[in-house]
Each structure stands twice: as structure tokens, then as C-alpha cells.
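Here's the structure, in C-alpha cells; my notes come after.
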Amino acid sequence: MEIYVYRLKFKNRFRGLTERDGLLLRGRAGWAEVSPFWDYDDAVAATWLAAGFEAAQRGYPKHVRNVIPVNETIPAVDAHTAHRLATASTCGTFKVKIAEHPDSLAEDVARLEVVRDAQPNAKIRVDANGAWNVDTAVKHILLMEQAAGGLEYVEQPCRTVEDMAAVRRRVEVPIAADESIRLDHAIDDIKRKGAADIAIVKNQPLGGVRATLERFASYGMPVVVSSAVESSVGLRAGLALAASLPQLPHACGLATSRLFERDVTADPLVPRGGYIEIRDVVPEHSEAIDDELIERWRLRLEAMWQRAERRGLVGGRYTFMGRFV
Ligand SMILES: O=C(O)CCC(=O)c1ccccc1C(=O)O
Ligand SMILES: [Mg+2]
């Protein structure tokens, strides 16, 4: 297996980041991505590695559909930019990032109003990334529901399962769990406490397509497959997961390629008419990468590979090829 480092630039700041970097794996079955964020430790990163290793060596399980409905992702940008992004989109569902800083309510409301103005018939969902306490969540959700003229769901309004459950009892808008699943692996607690209506699932943090599919039956609620803002190589794995689920009642959060200035391919996985068609992706581009970043990835890969090997998630040998060109 050959492993390369890639780097891409965001058009607008996303999750506080201006760029995205990670590893591209070429295995027996094809290309795959491993791109844990830098704030994750080696134990967490090993699970992300398992997802990419499996995809590169074994490919993906059988699909039950070839096109995946997706949401447009509107980052926490100013109202003018949000309006432009929403107008340009062919998607029937919009996910609007909100609550990016403590005083963001007025900006959040304005962003939702312009998205609704640009897309009168679309479904709109919001993602608070766990920012609120229970009272703030209840208050803001009601205001945002008004601003958006209805919300499909609110993703992770509070950080803890208890608070999510409390909010869910007090608002009618459905609640989706993301960080509670992807970081805390608390699906059993979510079910026990009645904390969510929908589960957000992400391929890399959950350890790959097969591991996530196996767990799906026990979730007991609809799932939405979302990206970890990967390159099109990583998005391809998310599409494979969405394509293998027995039911897919909601649009998936996989339309994130356009958040980059330029993807790893000139033919990226972007929606047409609100759907992404599934196909393999062969990378041919990365932004320039300095030696220091290459060295950081080389060391991190060694550490996560050791961890994953001890857990029986990877095997054999790899060749670290350095920067991808
Ligand atoms: O779901 C989407 O539309 C985009 C993906 C996304 O928002 C995201 C991307 C990287 C890390 C966290 C998140 C998140 O859903 O919170
Ligand atoms: Mg989220």
C-alpha cells in the first residue's frame, strides 16, 4: 500500500480551518482517504485509519442505489455570501451552520432568512455543533424555525446527551445527534434517554463503511450520512455508505467538495440536480506542501498504524510516499 499526503484550501473558513490536509492511500481495491483532524489523538485517528485501510484494500459492499440526495452546506458566512451560495445550488435541502460564536444569533437569523429567500421550497436544517445550553437552545431553535420558515431538524444543539434529551422534550423540531455519536459513541445512551430523532453518521470516525452498516440496525432511527469535509476521494466512501443503507429518507451531507478552492480531482463529486452520482475517484492534485507537514504526517501515520495494528484493524506493510503531486 502506498500512502501520500494531500492539502487543499477552503474558500471560506470551515470549522475554524482555512485548509484541509490528510492522507491518500492506494491499495489493492483503489484510492481511499485518511484525514483525522489534528486535534484528535492517535487512538481516535486509528479508527479513521481503519476506515481508509478497508476501503483501499477491500473496496465497498454492494450498493442498493446509484445516486445519493445531498444537502448544500452553507458555512457560517455573511448573509450576502449565504444568499449567493443558496441561489447557485441545485439541492432541495440546505444545511446552515450556526452558533459559531456566542453572539451569533442575529447573524444566524439573517443567514437563515436569506437562504429561505433564495430557496422558497427547500428543506432547511441547522447545525449548532453542541454550542448551546438547554434554555439557549430552546429559545434559539424557536427563533431560527421562524427565520427559516420551518426546520427539517437541528443537529447537535447541546454537547451532552442529557441536554439534547431535555431540548427534545421542549421543542417540536426534530433533533439529530452528531458529536454524541461521532466523538462520544453514545448511541445507546441517546436511545435510552430519547435524545434524538435522527443519527448523523460519518464514515471515518465510525471506522468504515462495513462497521457502520453493521451498527445501523441497532440505531433504531433514520441516519444521515455526512462528510468530514474530505476530498472527493473521502466523499466517495461516504457515498458508498449512503448507497448501502436499506433506507435513506433524508438528504446526506456529502456535497462539501465545493467548499474547497480546488479538489484533488478536476472532476470532483458534486451534485447535479441535488444528487451525487456514485463513481470512483482518482486524485491528481494537491496544493503545495512543506517538508514540516510531510514529517508531521509521517510520524502520525506511524503512531496510528501501530495502534490500529494492535486492535487488528490494519495489517501488512505500507510505503510512505510523502507529498502527493
Ligand atoms: O453535513 C454537512 O453538510 C457537512 C459536514 C459538516 O458539517 C462537518 C464537517 C466536518 C466536521 C464536522 C461537521 C459537522 O457536521 O459538524
Ligand atoms: Mg454536525
Side-chain angles (χ1 to χ4, degrees), residues 8 10-22 33-40 44-45 47-48 51 68-77 82 85-86 89-100 108 111 115 122-132 137 151-159 164 174-184 186 190 195-206 222-232 234-235 237-239 241-242 248 250-260 263 268-271 274-276:
L8 298 175
F10 286 117
K11 289 178 188 157
N12 300 104
R13 192 170 270 277
F14 192 87
R15 207 179 168 265
L17 301 173
T18 56
E19 53 180 57
R20 186 79 170 101
D21 54 332
E33 174 165 345
V34 174
S35 50
F37 295 104
W38 282 103
D39 49 327
Y40 295 165
V44 170
T47 302
W48 291 57
I68 304 299
V70 290
N71 68 257
E72 194 70 53
T73 305
I74 308 290
V77 290
L85 294 174
S89 175
T90 61
C91 293
T93 303
F94 288 77
K95 163 161 155 174
V96 181
K97 287 281 188 180
I98 42 124
E100 278 237 325
D108 294 345
R111 194 175 306 123
V115 172
K123 287 185 177 151
I124 299 179
R125 51 179 75 157
V126 293
D127 187 355
N129 289 111
W132 296 322
L151 288 176
E152 182 193 16
Y153 62 74
V154 181
E155 190 170 320
Q156 200 76 32
C158 307
R159 192 57 193 80
M164 297 262 287
I175 305 294
D178 178 12
E179 282 82 351
S180 293
I181 295 172
R182 142 168 82 84
L183 300 177
D184 306 337
I190 291 168
D197 302 280
I198 293 161
I200 308 296
V201 296
K202 303 204 180 202
N203 173 58
Q204 290 199 72
L206 296 178
V223 303
V224 170
V225 181
S226 218
S227 89
V229 283
E230 292 114 326
S231 80
S232 277
L235 295 177
L239 291 172
L241 172 56
L248 197 66
H250 300 278
C252 289
L254 296 168
T256 50
S257 170
R258 281 208 191 101
L259 299 174
F260 296 119
D263 202 334
L269 291 171
V270 293
Y275 291 79
I276 303 182

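Start at 1 and go down the list; that is how both ligands and their atoms are numbered.
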Next on the checklist: For atom 14 (C) of ligand 1, tell me which residue out of K202, Q204, E179 has the closest non-hydrogen atom.
Outcome noted: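 Of the listed residues, K202 has the closest heavy atom.
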Those atoms of ligand 1 less than 4.0 Å from some heavy atom in [X]:
{"X": "T256", "result": "4 (C)"}
{"X": "D178", "result": "14 (C), 15 (O), 16 (O)"}
{"X": "E155", "result": "15 (O)"}
{"X": "R15", "result": "11 (C)"}
{"X": "A228", "result": "10 (C)"}

At what distance, to the nearest 0.5 angstrom, does [atom1] of [X] lie from [atom2] of [Y]?
{"X": "K202", "Y": "L254", "atom1": "NZ", "atom2": "CG", "result": "9.0 Å"}
{"X": "S226", "Y": "E155", "atom1": "OG", "atom2": "CD", "result": "6.0 Å"}
{"X": "I198", "Y": "D178", "atom1": "CD1", "atom2": "CG", "result": "12.0 Å"}
{"X": "R111", "Y": "F94", "atom1": "CZ", "atom2": "CZ", "result": "14.5 Å"}
{"X": "N71", "Y": "E152", "atom1": "CG", "atom2": "CD", "result": "8.0 Å"}
{"X": "L17", "Y": "D39", "atom1": "CG", "atom2": "CG", "result": "8.0 Å"}

Checklist entry - Is there a donor-acceptor contact under 3.5 Å linking the side chains of K97 and N129? => result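 Judged by distance alone, the side chains do pair up.
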Item to check | Y153: ring-ring contact (aromatic ring centres under 6.0 Å, His included) partners, not counting sequence neighbours | outcome: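 Checked Y153 against ring-ring contact (aromatic ring centres under 6.0 Å, His included); zero matches.
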Do any N or O atoms from the side chain of [X] and from the backbone of [Y] form a donor-acceptor pair under 3.5 angstrom?
{"X": "N203", "Y": "G238", "result": "no"}
{"X": "Q156", "Y": "S180", "result": "yes"}
{"X": "K11", "Y": "L259", "result": "no"}
{"X": "R15", "Y": "V229", "result": "no"}

[X] versus ligand 1: do any nitrogen or oxygen atoms come within less than 3.5 Å of each other?
{"X": "N71", "result": "yes"}
{"X": "S226", "result": "yes"}
{"X": "K95", "result": "yes"}

[X] contact mode with ligand 1 (heavy-atom cut-off under 4.0 Å):
{"X": "R182", "result": "side chain"}
{"X": "K97", "result": "side chain"}
{"X": "I200", "result": "neither"}
{"X": "L254", "result": "neither"}

Item to check | Mutual orientation of the aromatic rings belonging to F37 and Y40 [parallel < 30°, tilted 30-60°, perpendicular > 60°] | outcome: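 Taking Y40 first and then F37, their aromatic rings stand perpendicular (interplane angle over 60°).
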What is the nearest protein non-hydrogen atom to [atom], stated with its residue, atom name and distance?
{"atom": "atom 16 (O) of ligand 1", "answer": "N129 ND2, 2.6 Å"}
{"atom": "atom 3 (O) of ligand 1", "answer": "T73 OG1, 2.6 Å"}
{"atom": "atom 5 (C) of ligand 1", "answer": "S227 O, 3.3 Å"}

Item to check | Heavy-atom pair of closest approach, residues T47 and P205 | outcome: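 Nearest heavy atoms, T47 then P205: CG2-O, 3.4 Å.
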Checklist entry - Is it true that E72 lies under 4.0 Å from ligand 1, counting heavy atoms only? => result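 No, that is not the case, since the closest heavy atom of the residue is not under 4.0 Å from the ligand.
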Checklist entry - For the Mg ion (ligand 2), how many protein N, O or S atoms come closer than 2.8 Å? => result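 Total protein N/O/S atoms under 2.8 Å from the Mg ion (ligand 2): 3.
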